[in-house]
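What follows is a short report on a single structure.
Sequence lines set the chain letters: A, B, ... in the order given, protein chains first and strands last, and positions in each chain run from 1.
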Amino acid sequence: MEREGLPELKNAEHGKVITRFPPEPNGYPHIGHAKAAIINSEYAKMYGGKFILRMDDTNPEAERMEYHAAIKVGLEWLGIEFDTVKNTSDDMELFYEKGIELIDSNMAYICTCKREDISQNRRERRACKCSTDDIVKNKKNWEKMNKKFKPGDAIVRFRGDMKADNAVMRDPVLFRIIDGKHYTLGEKYRIWPSYDMAVAIEDSIDGVTHAFRSKEFELRKELINAILDALNMRKPAQDFFSRLEFKGMPISKRIIKPLIEEGKVSWYDDPRLPTLEALRRRGIKPEAIKKFIMSLGLTKANTLAPFDTLEAFNRKLVDANSIRLHMVNNAKKITVKNLPISTVEIPNHPVNDLGKRRVEIDGDFYISGDDAQNIKNGMQVRLLNLGNVNITNDGIELGGEFIENGDAKDIPKIQWVPQKTAHKIKMIIPKTLFNGDEFNEDSLEEIEVYTEPHYLQLKEGEEVQFVRYGYCRKDSQNQAIFTHK
RNA sequence: GCUCCUAUAGUGUAGUCCGGUUAAGCAUUUUGGCUUCUCAAGCCAAAGACUCGGGUUCAAAUCCCGAUGGGAGCACCA
């Protein structure tokens with residue numbers, strides 16, 4: 001059986017599937033976000049269901065509007081559409097209600113132990129004294145968390161199982177005190193639900209039927225189910241997929257931030273990064289990302305994806321409407337005599353009708369240094385779209401004589417740019433940022449090249465193919481970024 | 001250390017639940033050819049894999065046991 005796209009879901013009814021993508025607005029969106037968003041959104045689409053974007057914003061210390069906005073921009077660029085957009089923090093009152101319910105039913109208690117002690121007890125699978133406090137005392141302490149206690153003084157813990165093999169189940173945190181200013185709610189609340197509490201409640205009340213998360217959350221599944229059971233709430237099906245990273249391209253802010261601060265990387269849109277913004281600048285199309293991610297499947301095996309697969313998808317997308325332009329690198333001069341014409345019309349694409357451009361010529365050209373080295377005296381070469389030339393090369397100066405009606409078959413073909421109108425641009429070539437753990441000091445190559453003046457008429461962001469060189473994205477009038485071959 | 005997840009060609013995957021129909025399909029990569037006024041695209045072809053060791057069975061990539069490699073968790077981050 002041939003399978004289109006993602007594997008079938010268990011217990012999925014057409015029209016009734018609800019999925020969600022819950023990013024935390026604590027950084028710029030990257031390829032990993034794209035994977036989670038695309039998989040969840042594709043499943044909703046596949047079953048004619050609904051898809052929710054939920055900003056998971058329950059840690060005021062980490063979250064910022066800047067990131068919130070960047071995530072929205074990134075998702076829009078990817079072309080992902082949502083039926084509902086919400087914030088986890090919209091439901092603070094509900095979290096409190098459910099939290100109190102857990103305390104009332106003795107499924108949760110307030111713990112006032114020191115952080116280190118809690119950690120050690122977890123490791124040693126020992127309960128602490130607080131776990132035996134009665135409901136009355138717990139309720140009193142809950143009130144105190146609102147004002148009297150300082151951050152770190154007290155937390156609400158779920159009554160799991162301190163002896164459990166799954167360490168996540170050893171009385172995990174449900175609520176903690178954070179005094180920081182939340183990016184949308186300010187100082188309205190200071191008791192914040194933990195990830196597990198928030199996700200459990202949210203997925204349940206949002207009607208999420210299938211939740212797909214990356215593998216590092218796998219151990220949380222048991223806890224989320226336990227919380228929901230304790231509350232008598234509906235449980236979504238949970239499944240997991242491997243994290244997506246590219247070789248040598250760090251995803252974590254912990255690594256990227258210092259690079260930016262040290263000036264080793266310009267910003268989150270530096271084309272060497274796997275952020276969505278960077279991929280966009282580099283010339284990768286959203287559709288290519290989608291196809292690429294779908295081709296990865298739902299495996300739980302670790303993936304260190306090869307960038308060239310992404311490039312292959314992109315090349316196929318971009319080829320049909322990338323204008324072909326001449327560009328020369330490491331330019332060498334050549335003067336061609338006996339040119340019978342002063343202008344030549346060149347098609348913008350070999351097979352598709354993308355128009356033509358008129359190029360003025362006077363016999364003085366630039367060609368690429370590599371080509372100049374390979375052409376010998378007496379040789380015949382084809383100046384692409386122009387005609388054949390008999391080369392004279394005395395070792396110092398390159399010259400040539402135009403041959404009318406030369407046959408293009410079986411002779412070297414090279415691209416050229418008229419000296420008079422040549423437009424100089426900077427070509428940026430992104431390479432792998434890291435070799436293992438080593439920062440690659442040569443990860444960004446910049447070269448000065450000449451291109452046809454027609455380049456100036458292209459829109460910014462347009463993809464072009466520099467003939468015999470590769471696909472590049474116009475970054476500005478004076479700069480292009482190498483996308484791939 | 002404990003627990004969980006995972007293991008198919010250079011790379012990424014399909015197949016593994018329900019053992020035989022596939023001596024393993026697809027994509028990428030590499031190489032060769034056709035086409036072409038590009039070293040692109042398109043078309044054709046070739047190369048290349050079931051981690052290891054036991055067991056069950058007429059039959060195992062698929063089931064069981066063990067080993068080994070890789071990843072994750074053991075946060076008042078998500």
Quiz item: A:R324 side-chain donor-acceptor pair to B:A40 base, under 3.5 Å: yes
Pairwise 5' ranking along RNA chain B for A:K114 and A:N166, keeping only the more 5' one: A:N166
Closest listed nucleotide, where the reference is the side chain of A:R220 and the choices are B:C74, B:U29, B:U3: B:C74
For B:C17, the Watson-Crick or wobble counterpart (both distances under 3.5 Å): none
Mate of B:C4 where both pairing distances stay under 3.5 Å, Watson-Crick or G-U: B:G71
A:H349 side chain to A:D319 backbone, donor-acceptor under 3.5 Å: yes
Under 3.5 Å on both distances, the Watson-Crick or G-U partner of B:A23: none
Per A:K215 side chain, nearest of listed nucleotides B:U11, B:G71, B:A41: B:G71
Cation-aromatic face contact A:K300/A:F240, 6.0 Å, 45 degrees: no
Partner nucleotide, any strand, of B:C37 [Watson-Crick/G-U, under 3.5 Å]: none
Nucleotide nearest A:V467 (side chain, heavy atoms from C-beta), chosen from B:C76, B:U38, B:C74: B:U38
Pair A:F217 + A:Y195: ring centers closer than 6.0 Å: yes
Minimum-distance nucleotide (side-chain atoms of A:V168 versus B:U3, B:G73, B:U36): B:G73
Nearest listed nucleotide, side chain of A:S119, among B:C76, B:A40, B:A75: B:A75
Donor-acceptor pair (no angle test) under 3.5 Å: A:R382 side chain, B:C37 base: yes
Partner nucleotide of B:A59 by Watson-Crick or wobble geometry (both distances under 3.5 Å): none
Counter-base of B:A46, judged by Watson-Crick or G-U geometry with both distances under 3.5 Å: B:U30
Residue A:D319, side-chain heavy atoms: nucleotide from B:C5, B:A78, B:A41 that is nearest: B:A41
Partner residues of A:R473 under the salt bridge (Lys or Arg N to Asp or Glu O under 4.0 Å) criterion, sequence neighbours left out: A:D475
Nearest-neighbour nucleotide for the A:F313 side chain, B:A78, B:A27, B:A14 considered: B:A27
B:A61 versus B:U16 - spacing of their C1' atoms, nearest Å: 7 Å
